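The structure displayed is predicted, hence computed values, not measured ones.
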Amino acid sequence: MKTYPIETINIEEAKEFQFRLVDIIHRHFRGDEFLGTGDYGVVPGIGRPIYTKKVEEVLAEFFDAEACILVRGAGTGAIRNVINARVKPGDKILIHDAPTYPTTKIIIESMGLEPVTVDFNRIDCIGEDLIKDVDFCLIQHSRQKIDDRYDLQEVIDKLKLINKELYILVDDNYVVMKARKIGVQSGGDSSAFSLFKLLGPEGIGCIAGDEGTIDRIRKMNYSGGSQIQGFEAMDALRSLVYAPVMLAIQKEVVDEVVKQINEGRIRGIKSAFIANAQSRVILVEFEQPIAKKVLEYTNILGGAPYPVGAESRYEITGMFYRVSGTFLKSNPELEDYMIRINPMRAGAETIIRVLDEAIAKVLK
């Protein structure tokens, strides 16, 4: 088995991400303002809290976008808002030929959209007439299948070359603050992602993109109950500052665990891989169909048995979990032979110890 993980930043690059974000904060906030909690309400003239506006301006600058808006509904809400703003019910939508992420599939089905599928892994082989007939495209930056290997930049460049009017939304969930560029920085029209996955508060989504689409979304969410209040925006921004370095440390642990497993540190394992499924994780393939029993013991040994927000602020202990649903759709047998591990804040030795002890208990 071969996987094609997305290239991610190292610890030095992560520090530069943090420093750049904080520098931009300096340019948009007075010192005493940033020490404040944030305001509430639909402020006359701007239609949203003042602090929310400032945070959105910081994020737009950081992600090299024309504009940014924070929305409710986390990553799914962000994707839904862009589709609602750009697509009419019954329209065609260009997507990758792979299992669609479940919550995204609901959006497509509820609007009666007609999926037009192409294999982004073979972008040079797609029919140009097919793309010229579609106005909207959704690309998931992270992987949908184990053998996905497409390069986001190459896919965007090719699609825009064929149809420059094609609007491209990139689902950047699980990739922000890991990859060097997100979709909007790679030529996409907008990026949508969850700030809950970046240590932020529950339910906050972010859209960075073209000003016209952001303006439409802002009008769609004008009511007070739809607004992201100033204190929520400030909480999300403060949390985001710590995400790149945290995720770079997590990357180092993933690399080390895979290295040790493939050097034969633990018996009963056929091999280990790094994959984006959906977050960057370790896939462990067992020699026998023991995956479900191993997961019972890793839970007893302190490993998280399921995700909360996939790398949210609540996830500290290493997560030992089944392979992602989209991966299982492409290969159901993986459920018995493979698990995924996300170290979260744990070190390599903790992950190795828990996995080794769990396997030993199953094989005794």
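Comment: Asp23 engages Arg27 in a salt bridge, judged by a side-chain N to carboxylate O separation of less than 4.0 angstrom. A salt bridge is absent between Lys361 and Asp356: the closest approach of a Lys/Arg side-chain nitrogen to an acidic carboxylate oxygen does not fall below 4.0 angstrom. With salt bridges taken as basic N to acidic carboxylate O contacts below 4.0 Å, one links Glu263 and Lys259. Taking the charged nitrogens against the carboxylate oxygens, Glu12 and Lys15 do have a contact shorter than 4.0 Å, which makes a salt bridge. Salt bridge status for Arg20 with Asp64: present, with a side-chain N to carboxylate O gap under 4.0 Å. Under 4.0 Å is where a charged nitrogen must lie from a carboxylate oxygen, and between Glu357 and Arg353 at least one such pair does. The pair Glu256-Lys251 fails the salt-bridge criterion, with no side-chain N (NZ, NE, NH1 or NH2) lying under 4.0 Å from an Asp/Glu carboxylate O. With respect to the salt-bridge test (charged N to carboxylate O, under 4.0 angstrom), the residues Arg86 and Asp91 do not qualify.
No option in Glu7, Glu311, Glu13 other than Glu311 meets the salt bridge (charged side-chain N to carboxylate O under 4.0 Å, His left out) test with Lys178. Of the residues listed (Asp97, Ile131, Asp119, Leu94), the one engaging Ile126 in a side chain to side chain contact (heavy atoms under 4.5 Å, CB included) is Ile131, and it is the only one.
At most 12 non-hydrogen atoms from other residues, nucleotides or ligands lie less than 6.0 angstrom from CD of Glu333. Within 6.0 Å of the CZ atom in Arg345, the count of heavy atoms belonging to other residues, nucleotides or ligands exceeds 12. Residue Lys145 qualifies as enclosed at atom NZ: its count of foreign heavy atoms under 6.0 Å is above 12. Sparse packing is recorded around CG of Asp135, with 12 or fewer heavy atoms of other residues, nucleotides or ligands lying under 6.0 Å away. Annotation for Lys181: atom NZ does not count as buried by contact number, only 12 or fewer foreign heavy atoms lying within 6.0 Å.
Using modelled atom types, one side-chain atom of Ser110 and one backbone atom of Ile107 make a donor-acceptor pair closer than 3.5 Å. Between the Arg143 side chain and the Asn276 main chain, no donor and acceptor come within less than 3.5 Å of each other.
Cation-pi contact between Lys92 and Phe136: absent, since separation from the ring centre below 6.0 Å together with deviation from the ring axis within 45° is not met. For the pair Lys54 and Phe29, the cation-pi criterion (under 6.0 Å, within 45° of the ring axis) is fulfilled.
Rounding to the nearest 0.5 Å gives a distance of 9.0 Å between CZ of Arg48 and CG of Leu70. Note that CZ of Arg218 is 9.0 Å distant from CD1 of Ile46, once rounded to the nearest 0.5 Å. Note that CD of Glu33 and CD1 of Ile50 are 8.5 Å apart. Values are rounded to the nearest 0.5 Å. Once rounded to the nearest 0.5 Å, the distance linking CD1 of Ile261 with CD1 of Ile341 reads 5.5 Å. A distance of 12.0 Å separates CD1 in Ile24 from CD in Glu57, rounded to the nearest 0.5 Å. A distance of 8.0 Å separates CD of Glu252 from CG of Asp255, quoted to the nearest 0.5 Å.
In the model, Ser190 has a side-chain atom that pairs as donor or acceptor with a side-chain atom of Tyr167 under 3.5 Å. A donor and an acceptor atom, one from each side chain of Arg72 and Ser226, are nowhere located under 3.5 Å apart. For Asn173 and His141, the side-chain atoms include no donor-acceptor pair closer than 3.5 Å. At a cut-off of 3.5 Å, with distance as the only test, no side-chain donor of Tyr174 or Ser194 sits close to an acceptor on the other residue. Asn81 and Asn221 form a side-chain donor-acceptor contact under 3.5 Å, judged by distance and modelled atom types alone. In summary, the side chains of Asp172 and Ser191 do present a donor paired with an acceptor at a separation below 3.5 Å, with no hydrogens or angles considered.
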- prompt: Yes or no on side chain to side chain contact (heavy atoms under 4.5 Å, CB included) for Val170 and Leu152, after CA distance, side-chain angles and deciding distance?
  reply: CA-CA 9 Å; Val170 180; Leu152 179 68; 4.1 Å; yes
field: side chain to side chain contact (heavy atoms under 4.5 Å, CB included) between Leu21 and Leu237, worked out
entry: CA-CA 9 Å; Leu21 180 56; Leu237 180 58; 4.2 Å; yes
query: Would Ile269 and Ile359 satisfy side chain to side chain contact (heavy atoms under 4.5 Å, CB included), going step by step from the backbone distance to the final call?
result: CA-CA 9 Å; Ile269 295 178; Ile359 294 173; 3.7 Å; yes
query: Which is it for Arg267 and Leu363 under the side chain to side chain contact (heavy atoms under 4.5 Å, CB included) test, yes or no, and what are the steps along the way?
result: CA-CA 10 Å; Arg267 72 186 181 105; Leu363 297 179; 3.9 Å; yes
task: Decide yes or no on ring pair (Phe, Tyr, Trp, His ring centres under 6.0 Å) for Phe193 and Phe63, but give the supporting numbers first.
output: CA-CA 12 Å; Phe193 53 93; Phe63 291 113; 5.4 Å; yes
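The heavy-atom pair separating Arg216 from Ala85 by the smallest distance is NH1-O, 2.8 Å. Annotation for Ala236 and Leu195: closest pair CB-CD1, 3.9 Å, computed over non-hydrogen atoms. Contact record, Leu295 with Tyr321: CD2-N, 3.6 Å, taken as the closest heavy-atom pair.
Taking the side chain as every heavy atom from C-beta outward, Val308 and Phe196 approach each other to under 4.5 Å.
Both Met234 and Tyr242 sit in one connected hydrophobic cluster of ILVMFWY residues. Membership requires side-chain heavy atoms under 4.5 Å apart, directly or through other members. Under the 4.5 Å side-chain heavy-atom criterion for Ile, Leu, Val, Met, Phe, Trp and Tyr, Ile266 and Val362 are members of the same hydrophobic cluster. No path of Ile, Leu, Val, Met, Phe, Trp and Tyr side chains, each step under 4.5 Å between heavy atoms, connects Leu247 with Val245, placing them in separate hydrophobic clusters. The cluster map of Ile, Leu, Val, Met, Phe, Trp and Tyr, joined by side-chain heavy atoms under 4.5 Å apart, puts Met220 and Val87 in different clusters. Linking ILVMFWY residues whenever their side-chain heavy atoms come closer than 4.5 Å, directly or via other members, places Leu199 and Phe34 in the same cluster.
Side-chain rings of Tyr40 and Phe231 approach one another, their centers coming within less than 6.0 Å.
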